[in-house]
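Below is one structure, written out as structure tokens, with a few remarks after it.
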Amino acid sequence: MAAWHSLTEWLSIGELSRRSGVAVSALRYYEQLGLIAAERTAGNQRRYPRHMLRRVSLVTVAKHLGIPLADVQHALSTVPLDRVPSQSEWQRASRVWKATLEERRKSIERLERELTGCIGCGCLSLRSCALLNPEDALGAEGPGARRLGPPGIPGDPIP
């Protein structure tokens, strides 16, 4: 086992699950994605340093907010797994996280504006909606949602 911490600072996967409220299977998946890391004992059991609790908590919060794990991976990519991260490393990750959350907020606000206008219209048809999709112009771009994606794509909503 690596000398990350003294033996009293290691958590079994069951203990990490109990303390974080995250299922053991999810912890294994997070480890597979590189979101958390464990060392193995001589008996091949996982042991997590205590600082992994913070990472698991951040993943849990992101999950509750509907943030994709790929975004969490990106935000935490500069935070070391092999030692307790420094304050500056957490601050750097926080800036990335903030930018991700800001973009998500803007997308939700765009969706809210469009839904409010559409629901208020009463026509209940995006195909024939004269305001949001005159003459079904978006249908020519193919199937699927066209107005709910990130800015800069065809059919992007007017801010």
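The figures here come from the full heavy-atom set of this structure, side chains too, leaving out hydrogens, waters and symmetry mates.
Proximity of a side-chain donor or acceptor of Ser17 to a complementary backbone N or O of Val22 within less than 3.5 Å is detected. Judged purely by atom type and a 3.5 angstrom limit, Ser94 has no side-chain atom pairing as donor or acceptor with the backbone of Trp90. Counting only distance, with no hydrogens or angles, the side chain of Gln73 and the backbone of Leu33 share a donor-acceptor pair below 3.5 Å. Remark: the backbone N or O of Val79 is paired with a side-chain donor or acceptor of Arg55 at under 3.5 angstrom.
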* Stepwise side-chain contact (heavy atoms from CB on, under 4.5 Å) test for Glu31 and Met52 -> CA-CA 10 Å; Glu31 186 177 346; Met52 287 299 150; over 6 Å; no
* Evaluation steps, side chain to side chain donor-acceptor pair (under 3.5 Å), between Ser107 and Arg110 -> CA-CA 5 Å; Ser107 294; Arg110 280 193 303 273; 3.0 Å; yes
* Worked verdict on Leu35 versus Leu58 for side-chain contact (heavy atoms from CB on, under 4.5 Å) -> CA-CA 10 Å; Leu35 291 167; Leu58 289 172; over 6 Å; no
* Asked: After noting the C-alpha distance and the side-chain angles of Tyr29 and Leu69, does the key distance pass the side-chain contact (heavy atoms from CB on, under 4.5 Å) rule?
  -> CA-CA 11 Å; Tyr29 182 62; Leu69 290 178; 3.6 Å; yes
* Check step by step if side-chain contact (heavy atoms from CB on, under 4.5 Å) holds for Arg46 and Ser12. => CA-CA 6 Å; Arg46 289 175 170 88; Ser12 68; over 6 Å; no
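Salt-bridge annotation for Arg83 and Glu9: absent, with no side-chain N of the basic residue lying under 4.0 Å from a carboxylate O of the acidic one. In this structure, Glu109 pairs ionically with Arg105, as a charged nitrogen and a carboxylate oxygen lie closer than 4.0 Å. The pair Glu15-Arg18 counts as a salt bridge, with a side-chain nitrogen and a carboxylate oxygen less than 4.0 angstrom apart.
Rounded to the nearest 0.5 angstrom, Asp71 CG and Trp97 CH2 are separated by 8.0 Å. Between the CZ atom in Arg95 and the CD atom in Gln91 there is a gap of 6.5 Å [rounded to 0.5 Å].
Arg54 CZ: 12 or fewer foreign heavy atoms inside a 6.0 Å radius. Within a 6.0 Å radius of CD in Glu102, more than 12 heavy atoms belonging to other residues, nucleotides or ligands are found.
Neither Val72 nor Val96 shares a network with the other; the hydrophobic side chains, linked directly or stepwise wherever heavy atoms of I, L, V, M, F, W or Y lie under 4.5 Å apart, form separate groups for each. Criterion: ILVMFWY side-chain heavy atoms under 4.5 Å apart, direct or through other members. Under it, Ile108 and Val61 are not part of a common hydrophobic cluster.
Here the closest non-hydrogen pair linking His51 and Leu81 is CE1-O, 3.5 Å. For the pair Tyr48 and Ala37, the tightest heavy-atom approach, listed with the atom from each and the gap, is CD2-O, 3.3 Å. Between Leu65 and Arg104, the shortest heavy-atom contact is O-NE, 3.5 Å. Contact between Ile36 and Leu27 at its shortest, heavy atoms only, is CD1-O, 3.5 Å.
Side-chain contact between Glu89 and Thr78: absent, with no pair of heavy atoms (C-beta onward) separated by less than 4.5 Å.
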